[in-house]
Amino acid sequence: MSNLIKAVRGTRDILPPDTALWQHVEKACRDIFHLYNFHEIRTPVFEDTQLFARGVGEETDIVSKEMFTWEDRPRAQSEKAQSLTLRPENTAGVVRAYIEHKMGDTGKLQKLYYIGPQFRRERPQKGRYRQFYQIGAEVLGPVAAGSESPARDAEIIAMLAHLLREVGIKEWTLHVNSVGNADDRARYNQALREALAPVKDKMCGDCQRRAETNPLRVLDCKHPEDQQYIDDLPKISAYLGDESREHFNEVKKILNHVGIQYHVNERMVRGLDYYTRTTFEFTHGGLGAQSALLGGGRYDGLSEMLGGPKAPGIGFALGLDRFVLALQAEETVAAANLNPAVFVAPLGPGMNAEAAVIARDLRKHAIAAELGDDGFRVKKSFEAAERAGAKFILFVGENEVASGQFAIKNLGSGEQVNVARAEIVNWLKS
RNA sequence: GUGGGUAUAGUUCAGUGGCAGAACGCCAGACUGUGGCUCUGGAUGUCGUGGGUUCGACCCCCACUACCCACCCCA
């Protein structure tokens with residue numbers, strides 16, 4: 001037992017029947033994306049380390065301590081080893097692809113979605129894995145295509161509410177905020193530093209450190225004793241420039257109009273440096289400490305940061321692992337039934353061949369079938385059919401083959417009929 | 001990276017310093033072409049790993065590892 005190879009820390013196998021639930025979420029997302037005119041993009045699982053350092057931000061936790069990074073071998077003696085990293089998120093990769101393929105030159109708004117694994121070297125716990133799965137979408141493009149419009153922000157958020165309903169998750173809460181543009185944030189950061197200077201010594205160790213390095217993160221602190229100080233800190237809303245404020249007001253106005261419930265949460269801070277203006281998060285009560293189902297926001301300067309053209313955008317990523325947890329927590333699991341319709345039971349020696357022909361026939365007519373074995377006794381065939389989750393059992397024995405009349409029994413009701421060989425497909429389909 | 005909890009059969013878990021257990025599941029028979037019920041029988045464990053104490057350790061002690069939960073962070 002001890003020297004068996006096991007899935008490494010923070011990774012896991014997703015097995016049936018759970019995989020049906022994963023497929024259900026994936027399918028619902030693809031259907032919704034189609035309705036909103038998003039198209040799939042697939043980017044590599046690993047990228048140049050610099051992409052994340054510059055895109056996500058050198059100072060973020062993700063980049064500074066959570067990435068799986070390694071040195072690739074130099075391809076020639078004259079070359080240096082290249083530093084590569086398993087993607088910790090997918091937005092940077094999408095924007096990199098947007099720039100690399102000059103997608104902005106089409107002049108149109110790009111609406112892209114992705115599905116795939118992401119990697120962060122964190123300590124695993126409920127809803128948090130080292131290989132986890134995200135489904136995300138991005139809207140970006142030239143300003144002239146409308147990429148900067150608050151209509152895009154509201155549309156994305158509305159789409160997510162629609163998506164959650166389609167998936168079957170009901171108990172969510174939407175938090176929205178505006179973190180302003182780069183100028184707004186700089187002024188707000190300065191104000192926070194000044195306000196924190198006199199009180200930070202009374203706060204927790206983390207906050208003392210954050211007050212210096214990244215004051216915004218102080219807002220995220222959950223220490224009960226610190227809350228009194230945090231409540232007195234300046235609010236981001238007071239530091240938004242006219243442009244940012246109007247943009248945010250317009251987003252809220254559209255959300256009100258289409259009837260999406262939300263909370264403005266001025267203390268919501270997102271952990272990636274590229275976010276600007278609108279940020280949002282959907283949370284769920286059944287997820288334990290990792291309560292965020294999905295999160296996202298606008299990233300107006302990201303393309304330029306990566307050496308690309310001006311291409312404002314907004315996007316989100318949802319945690320597939322957490323969607324599945326939320327569905328299980330709500331116990332409203334209604335995944336598609338993927339079980340076979342028919343169990344074909346060969347009866348008696350030499351019947352395997354005949355049963356194989358019938359099973360092949362059924363499958364060619366899109367009837368899912370499981371095939372037994374002529375070594376099974378009748379009772380065992382029934383048990384195998386039951387276990388496979390089949391609705392019907394079809395016997396293929398000497399009597400059937402001789403008479404051309406095949407016994408089909410409904411495992412639920414117990415009804416049994418004899419059906420002519422040529423009529424089996426039609427009978428099962430009706 | 002830090003803290004707490006857990007580790008015994010396929011699964012969920014009892015257990016005692018002196019022969020390793022239950023329930024469910026699994027296999028077979030009763031019952032050789034009609035199941036789900038019932039009855040009878042059966043298989044399965046380096047008791048997480050390594051060390052220590054002891055005549056003797058699954059149990060007590062130490063270390064390690066893994067998993068779970070939380071901090072942190074985030075999807």
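Reminder, nothing fancy here: chain letters follow the sequence lines and each chain counts from 1.
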Quick one: label A:Ile393 by what it contacts on the DNA or RNA (base, sugar-phosphate, nothing), any heavy atom closer than 4.0 Å.
-> nothing

Figure out the CD/P separation between A:Gln405 and B:rU34, and round it to whole Å.
-> 19 Å

Looking across every strand, which nucleic acid part, if any, lies under 4.0 Å from A:Glu89 by heavy atom: base, sugar-phosphate, or nothing?
-> nothing

Is the phosphate of B:rA70, meaning OP1 or OP2, less than 4.0 Å from a side-chain N or O of A:Gln125?
-> yes

Are A:Arg270 and B:rA75 close enough that a side-chain N or O sits under 4.0 Å from OP1 or OP2?
-> yes

Once the angle between the rings of A:Phe395 and A:Phe382 is folded into 0 to 90°, is it parallel (under 30°), tilted (30 to 60°) or perpendicular (over 60°)?
-> perpendicular

Is any side-chain nitrogen or oxygen of A:Lys380 closer than 4.0 Å to OP1 or OP2 of B:rA28?
-> yes

Polar side-chain contact A:Glu66-B:rG1 base: donor and acceptor under 3.5 Å | no

A:Lys126 NZ to B:rC73 C1', in whole Å, measures 18 Å

Using both distances under 3.5 Å as the test, list the Watson-Crick or G-U wobble partner of B:rA7, or none.
-> B:rU65

Looking across every strand, which nucleic acid part, if any, lies under 4.0 Å from A:Arg12 by heavy atom: base, sugar-phosphate, or nothing?
-> nothing

Please state how far atom CG in A:Leu347 lies from atom C1' in B:rU34, giving the value in whole angstrom units.
-> 9 Å

Result for 5'-nearest mapping on RNA chain B, choosing between A:Gly10 and A:Leu320, is A:Gly10

Parallel, tilted or perpendicular: which describes the rings of A:Tyr299 and A:Tyr274, with under 30° parallel and over 60° perpendicular?
-> perpendicular

In whole angstroms, the gap separating C1' of B:rC69 from CZ of A:Arg9 amounts to 13 Å

Paired nucleotide for B:rG1 [Watson-Crick or G-U wobble; both distances under 3.5 Å] = B:rC71

Given B:rG33, B:rA75, B:rC67, which nucleotide is nearest the side-chain atoms of A:Val378?
-> B:rG33

Using whole Å, report how far CG of A:Leu216 lies from P of B:rC73.
-> 13 Å

Using both distances under 3.5 Å as the test, list the Watson-Crick or G-U wobble partner of B:rU16, or none.
-> none

Rounded P spacing from B:rC13 to B:rU6 in Å = 13 Å

Among A:Arg277, A:His247, A:Arg298, the one residue meeting side-chain hydrogen bond (donor to acceptor under 3.5 Å, both in side chains) with A:Glu148 | A:Arg277

Flag the pair A:Phe323 / A:Trp22 as yes when their ring centroid distance falls below 6.0 Å, and as no otherwise.
-> no

Looking for any heavy atom pair under 4.0 Å, which part of the strands does A:Gly348 touch: base, sugar-phosphate only, or nothing?
-> nothing

Please measure how far the P atom in B:rC47 lies from the corresponding atom in B:rU8, and state the result in whole Å.
-> 11 Å

When you get a sec, tell me which of B:rG33, B:rA75, B:rC73 is the closest nucleotide to the side chain of A:Phe395?
-> B:rG33

For A:Glu383 and B:rU34, give me the distance from atom CD to atom C1', rounded to whole Å.
-> 12 Å

Write down the distance separating the C1' atoms in B:rC58 and B:rC68, rounded off to the nearest Å.
-> 22 Å

Ranking B:rA66, B:rA75, B:rU34 by distance to the side chain of A:Lys409, first place goes to B:rU34

Inter-nucleotide C1' distance (B:rA75, B:rA66), Å rounded | 25 Å

Round to a whole Å and report the spacing from CD1 of A:Ile169 to P of B:rA75.
-> 17 Å

What class does the angle between the rings of A:Phe33 and A:Phe316 fall in, given that below 30° is parallel, 30 to 60° is tilted and above 60° is perpendicular?
-> tilted

In this structure, which one of A:Leu51, A:Asp72, A:Leu84 forms a side chain to side chain contact (heavy atoms under 4.5 Å, CB included) with A:Phe46?
-> A:Leu84

Any side-chain heavy atom of A:Leu219 sitting closer than 4.5 Å to one from A:Ile230?
-> yes

Mind checking the P distance from B:rG52 to B:rC69? Whole angstroms is fine.
-> 35 Å

Rounded P spacing from B:rG48 to B:rU12 in Å = 15 Å

If you take atom types as modelled and just measure distance, does the side chain of A:Arg123 reach the base of B:rC68 with a donor-acceptor pair under 3.5 Å?
-> no

Watson-Crick or G-U wobble partner for B:rG56, using a 3.5 Å limit on both distances?
-> none

Can you tell me, in whole Å, how much space there is between the C1' of B:rG10 and that of B:rC31?
-> 27 Å

Determine which nucleotide pairs with B:rC26, using a 3.5 Å limit on both distances of a Watson-Crick or G-U wobble pair.
-> B:rG42

Would you kindly compare A:Lys379 and A:Gly295 by the position of their nearest RNA chain B nucleotide and give the one closer to the 5′ end?
-> A:Lys379

Phosphate contact (B:rA30 OP1 or OP2) by A:Arg377 side-chain N/O below 4.0 Å | yes

CG of A:Asn418 versus P of B:rU34: gap in Å, rounded?
-> 14 Å

Indicate, yes or no, whether a donor-acceptor pair under 3.5 Å links the base of B:rC72 to the side chain of A:Arg128.
-> yes

Under 4.0 Å between any heavy atoms, over every strand shown, what does A:Gly288 touch: base, sugar-phosphate, or nothing? Just pick one.
-> sugar-phosphate

In terms of side-chain heavy atoms of A:Ile62, which of B:rA70, B:rU34, B:rC74 is nearest?
-> B:rC74

Could A:Arg270 and A:Tyr275 be counted as a cation-pi pair, given that NZ or CZ must be under 6.0 Å from the ring centre and within 45° of the axis?
-> yes

In whole Å, what separates the C1' atom of B:rU65 from that of B:rA28?
-> 40 Å

